[in-house]
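This report concerns only the one structure given below.
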Amino acid sequence: MIAFVSGPVAALAPDSAVVEVGGIGIAVQCTPNTLSGLRQGQQAKLATSLVVREDSLTLYGFADDDERQVFELLQTASGVGPRLAQAMLAVHSPDALRRAVATGDEKALTAVPGIGKKGAQKLLLELKDRLGEPVGTGGPAIGRPVTAGWRDQLHAALIGLGYATREADEAVSAVEPQAEAAGGTPEVGRLLKAALQTLNRTR
């Protein structure tokens, strides 16, 4: 297993990064929160999880070991593959997911694209004894400051989660007042959560 990758960031895309390791570019699938902490040309170290399929090898990257561990634990629940686990971490931080499971918060899980009411109930039952208690200090649940390009990042994240271009456009417009209220450093993770709630209300 590849436990982590470390090196300069060679390229960034809406849902992935390329990290140069020993002269080789390693493509790593990441959530918007993780990507927001990377800068092209700067050093990065990402905890990783390798998902092996018959026709592909996909490396998923995370800001820290805790996020990777939760990603892998989520997939022990029936019906949760790497894409859905990544979508859950795109909307909620590891501690936010732990709190949701510990308190039986269905709404938090149904905010994730692909999880309905019954699916949320099933996940709450299956994950209750697996994720453990929140370990953070009670700070912001999700998101990191991003100084520029939040519209593009948010739009790309919504497209990556399966929404149509028109839906993504409308969701970005809907959260623009919230982003402007945050000043020059809107948190993409928080905006993504708000955008998903907007989309869920309109469906």
Side-chain angles (χ1 to χ4, degrees), residues 9 11-17 28-40 46 60-64 66-67 70-71 74 80 82-101 103 105-117 119-120 123-124 134 136-203:
V9 177
L12 289 169
D15 60 354
S16 64
V28 188
Q29 300 292 310
C30 304
T31 65
N33 285 351
T34 299
L35 289 170
S36 71
L38 304 178
R39 297 291 180 269
Q40 191 165 337
L46 297 173
Y60 290 84
F62 309 94
D64 53 41
D66 183 45
E67 194 174 40
V70 170
F71 172 78
L74 289 172
V80 179
R83 296 286 292 184
L84 183 56
Q86 189 179 46
M88 293 171 76
L89 285 165
V91 178
H92 299 294
S93 70
D95 266 2
L97 285 172
R98 291 188 182 102
R99 279 193 292 272
V101 172
T103 60
D105 187 352
E106 286 181 22
K107 284 188 176 180
L109 295 186
T110 56
V112 179
I115 299 180
K117 185 177 176 64
L123 285 171
L124 288 173
T137 57
I142 59 177
R144 292 180 181 173
V146 181
T147 56
W150 67 265
R151 289 178 184 82
D152 291 339
Q153 285 192 315
L154 179 59
H155 192 274
L158 292 167
I159 296 296
L161 290 172
Y163 287 96
T165 301
R166 179 183 57 80
E167 292 177 309
D169 290 341
E170 292 173 356
V172 170
S173 297
V175 301
E176 191 158 359
Q178 180 178 333
E180 290 176 352
T185 58
E187 295 179 359
V188 174
R190 289 187 181 278
L191 294 178
L192 178 60
K193 184 177 181 181
L196 291 170
Q197 290 171 343
T198 299
L199 288 164
N200 287 340
R201 283 198 297 269
T202 58
R203 283 191 164 187

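In what follows, every heavy atom counts, from backbone to side chain, and hydrogens, waters and symmetry copies are set aside.
- In this structure, Glu170 and Thr198 have side chains that are not in contact, with every pair of non-hydrogen atoms separated by 4.5 Å or more.
- With respect to Asp169 and Arg166, no salt bridge is recorded, no charged nitrogen being found less than 4.0 Å from a carboxylate O.
- The shortest distance between side-chain heavy atoms of Arg98 and Asp66 falls below 4.5 Å.
- The shortest non-hydrogen separation linking Pro113 to Leu196 is CG-CD2, 3.6 Å.
- Closest non-hydrogen pair, Ala90 versus Leu192, comes out as O-CD2, 3.2 Å.
- Here the shortest heavy-atom pairing between Gln178 and Ala194 reads OE1-CB, 3.4 Å.
- Remark: the backbone N or O of Val80 is not paired with any side-chain donor or acceptor of Arg83 at under 3.5 angstrom.
- Here the CG-CG distance, from Leu74 to Leu123, works out to 8.0 Å after rounding to the nearest 0.5 Å.
- Rounding to the nearest 0.5 Å places CG of Leu124 at 8.0 Å from OG1 of Thr103.
- Nearest heavy atom pair, residue Ala17 against residue Leu12, reads CB-CD2, 3.7 Å.
- In this structure, the separation between CD on Gln86 and CG on Asp15 is 7.5 Å, given to the nearest 0.5 Å.
- No side-chain heavy atom of Thr31 sits under 4.5 Å from any side-chain heavy atom of Val91.
- Nearest heavy atom pair, residue Glu67 against residue Leu89, reads O-CD1, 3.7 Å.
- In this structure, Thr110 OG1 and Gln197 CD are separated by 9.0 Å, a value rounded to the nearest 0.5 Å.
- In this structure, Met88 and Ile115 have side chains that are in contact, with non-hydrogen atoms separated by less than 4.5 Å.
- Phe71 CZ to Tyr60 OH: the interatomic distance, rounded to the nearest 0.5 Å, is 5.5 Å.
- The distance from atom CG of Leu38 to atom CG of Leu46, rounded to the nearest 0.5 Å, is 5.5 Å.
- Listed here is the closest heavy atom pair of His92 and Ala108: NE2-O, 2.6 Å.
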